[in-house]
Visitor: 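This structure is in structure tokens; I'll ask about it shortly.
Labels below follow one simple rule: chain letters A, B, ... track the order of the sequence lines, proteins then strands, and each chain is numbered from 1.
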Number of protein chains: 2
Amino acid sequence: MDLISELGPLAFGSRLKRLSETIMRGGEDVYRFYGVDFQPKWFPIFYFLSQKSEAGIMEIAEGLNVTHPAVIQMSKELEKKGLIVSKKSDEDARKRNLKLSKKGKDLLPTLQKIWEEIKLMNAEIIENQEHNLLIAVKEIEDAWAAKSYLERFKEFHGL
Amino acid sequence: MDLISELGPLAFGSRLKRLSETIMRGGEDVYRFYGVDFQPKWFPIFYFLSQKSEAGIMEIAEGLNVTHPAVIQMSKELEKKGLIVSKKSDEDARKRNLKLSKKGKDLLPTLQKIWEEIKLMNAEIIENQEHNLLIAVKEIEDAWAAKSYLERFKEFHGL
DNA sequence: ATCAATTACGTAAGTGATTACGCAAATTTT
DNA sequence: AAAATTTGCGTAATCACTTACGTAATTGAT
């Protein structure tokens with residue numbers, strides 16, 4: 001018995017978290033299957049740098065909508081793996097810019113191929129859904145962005 | 001700019017996590033609004049015990065679909081707050097049973113009222129969705145339960 | 001030009017979960 | 001009844017973030 005699945009929206013947070021972890025784990029398997037030394041958690045930063053070519057910590061953090069310590073931590077791993085390099089900015093002494101290393105750039109085409117396949121397959125799963133998860137999440141995100149939960153709550157109860 | 005929201009299914013994990021954290025935070029606000037000293041993270045165990053009245057660690061863990069250390073950690077907080085009590089089982093010396101304390105039982109009616117209101121409001125948000133998040137998540141969970149990601153992946157690519 | 005405010009980054013500690021490991025009690029096998 | 005297995009629980013370490021705080025560099029106001 002899984003009580004949570006009976007609770008409806010109440011315990012929904014934990015449920016989403018679990019689902020996201022399952023998805024992440026699935027990603028690991030796919031990289032391993034292709035014999036590529038890459039982890040799903042590296043994707044956001046790596047992908048960002050493949051698009052922007054060079055960026056400071058804060059720029060990445062804002063782009064990915066995470067905090068800057070999160071970027072620092074993840075990028076440390078990527079740097080250790082030799083996939084990215086960092087160097088102090090010339091224009092602004094406070095900034096440290098990140099970019100893909102030679103090794104990172106070399107790996108990029110392979111990763112892009114894998115990403116494309118994952119994307120295709122995910123798209124298929126999603127499209128087979130009667131209720132589309134992506135759209136549903138977007139709707140909820142938008143609802144939340146428009147009004148805070150508490151505001152909504154007060155309003156709903158005429159307070 | 002939020003890059004993640006442009007990535008489609010690829011960075012979906014992080015996105016779900018963020019949404020779940022937003023939901024949790026919303027819950028905090030509501031309890032605070034009612035002046036009740038209760039946190040969303042306590043809900044699963046507390047609710048479980050309000051239904052089962054007395055249960056061992058493993059029973060709760062299975063019921064909530066989390067690991068037993070998670071139950072131990074959360075229940076420590078609840079015990080510290082005086083909302084639950086624990087005692088060694090008479091029948092089985094390995095087991096430690098948890099149940100609501102007097103204080104916990106006294107708080108229950110108030111919490112139930114708040115839960116009911118949260119549930120009503122969430123239901124309204126959900127029902128206004130064109131694509132229902134709850135159903136969508138359930139569909140994905142079921143799809144995953146039926147077949148592992150990698151299996152699905154190999155199959156999809158005819159491997 | 002100086003002083004205040006802001007920005008960019010770094011570190012430390014906390015969070016809510018997990019995996020890995022170990023032990024003792026109960027159950028099953030033989 | 002002894003041995004092997006399973007079960008229930010506890011602890012420690014880890015994970016991928018977060019918040020809180022600090023510092024140095026830049027920008028803005030007067």
Visitor: Listed by chain and number, what are the side-chain contact (heavy atoms from CB on, under 4.5 Å) partners of B/E28, not counting sequence neighbours?
Guide: B/R25, B/R32, B/P40
Visitor: Counting only non-hydrogen atoms, which of residues 73-82 of chain B are less than 4.0 Å from DNA chain C?
Guide: B/Q73, B/M74, B/E77
Visitor: What residues form a side chain to side chain donor-acceptor pair (under 3.5 Å) with B/D142, not counting sequence neighbours?
Guide: B/K138
Visitor: Using the salt bridge (Lys or Arg N to Asp or Glu O under 4.0 Å) criterion, which residues pair with B/K95? Sequence neighbours excluded.
Guide: none
Visitor: Decide whether B/E117 and B/Y34 meet the rule of one side-chain donor and one side-chain acceptor closer than 3.5 Å.
Guide: yes
Visitor: Among all residues two or more places apart in sequence or in another chain, which pass the ring pair (Phe, Tyr, Trp, His ring centres under 6.0 Å) test with B/F38?
Guide: B/Y31, B/W42, B/F46
Visitor: For B/A55, what residues pass the side-chain contact (heavy atoms from CB on, under 4.5 Å) criterion, not counting sequence neighbours?
Guide: B/F48, B/L49, B/E59, B/I60
Visitor: Using whole Å, report how far NZ of A/K88 lies from C1' of C/dC9.
Guide: 8 Å
Visitor: With heavy atoms under 4.0 Å as the rule, sort A/I72 into base, sugar-phosphate or nothing.
Guide: base
Visitor: Given B/S50, which partner from the list B/L107, B/L111, B/L100 fulfils the side chain to side chain contact (heavy atoms under 4.5 Å, CB included) test?
Guide: B/L100
Visitor: Tell me: CD of A/E62 to C1' of C/dA8, nearest whole Å?
Guide: 10 Å
Visitor: Using the test side-chain contact (heavy atoms from CB on, under 4.5 Å), find all partners of A/I140 that sit at least two apart in sequence or belong to another chain.
Guide: A/W144, B/L19, B/I125, B/I126, B/Q129, B/L133
Visitor: If I take atom CD1 in residue A/I57 and atom P in nucleotide D/dA25, what distance separates them, rounded to the nearest angstrom?
Guide: 17 Å
Visitor: List in chain and number order the residues that pass side-chain contact (heavy atoms from CB on, under 4.5 Å) with B/A70, two or more places apart in sequence or in another chain; answer none if no residue qualifies.
Guide: B/V66, B/T67
Visitor: Which whole-number value in Å describes the distance from B/K41 NZ to D/dT18 P?
Guide: 17 Å
Visitor: Which residues, if any, of residues 90-101 of chain A bring a heavy atom under 4.0 Å of DNA chain C?
Guide: A/R94, A/K95, A/R96
Visitor: Without placing hydrogens or testing angles, list every side-chain donor-acceptor pair under 3.5 Å for residues 81-92 of chain A, not counting sequence neighbours.
Guide:
residue	atom	partner	partner atom	Å
A/K81	NZ	A/D37	OD2	2.9
A/S86	OG	A/E79	OE2	3.1
A/S86	OG	A/R96	NH1	3.0
A/K88	NZ	A/A93	O	3.2
A/S89	OG	A/E91	N	3.2
A/S89	OG	A/D92	N	3.2
A/D92	OD1	A/R94	N	3.0
A/D92	OD1	A/R94	NE	3.1
A/D92	OD2	A/R94	NH2	2.8

Visitor: Could you pull out the protein-nucleic contacts involving nucleotides 1-5 of chain C (nitrogen or oxygen on both sides, under 3.5 Å)?
Guide:
none

Visitor: Nearest whole Å is fine: how far is C/dG16 C1' from B/Q39 CD?
Guide: 11 Å
Visitor: What integer distance in Å separates B/F43:CZ from C/dA17:P?
Guide: 13 Å
Visitor: What about A/H68: does its side chain form a donor-acceptor pair under 3.5 Å with the base of C/dG10?
Guide: yes
Visitor: State which residues pass side chain to side chain donor-acceptor pair (under 3.5 Å) with B/K80; sequence neighbours excluded, sorted by chain then number.
Guide: none
Visitor: Mapping A/M58 and B/A70 to their closest nucleotides on DNA chain C, which lands nearer the 5' end?
Guide: A/M58
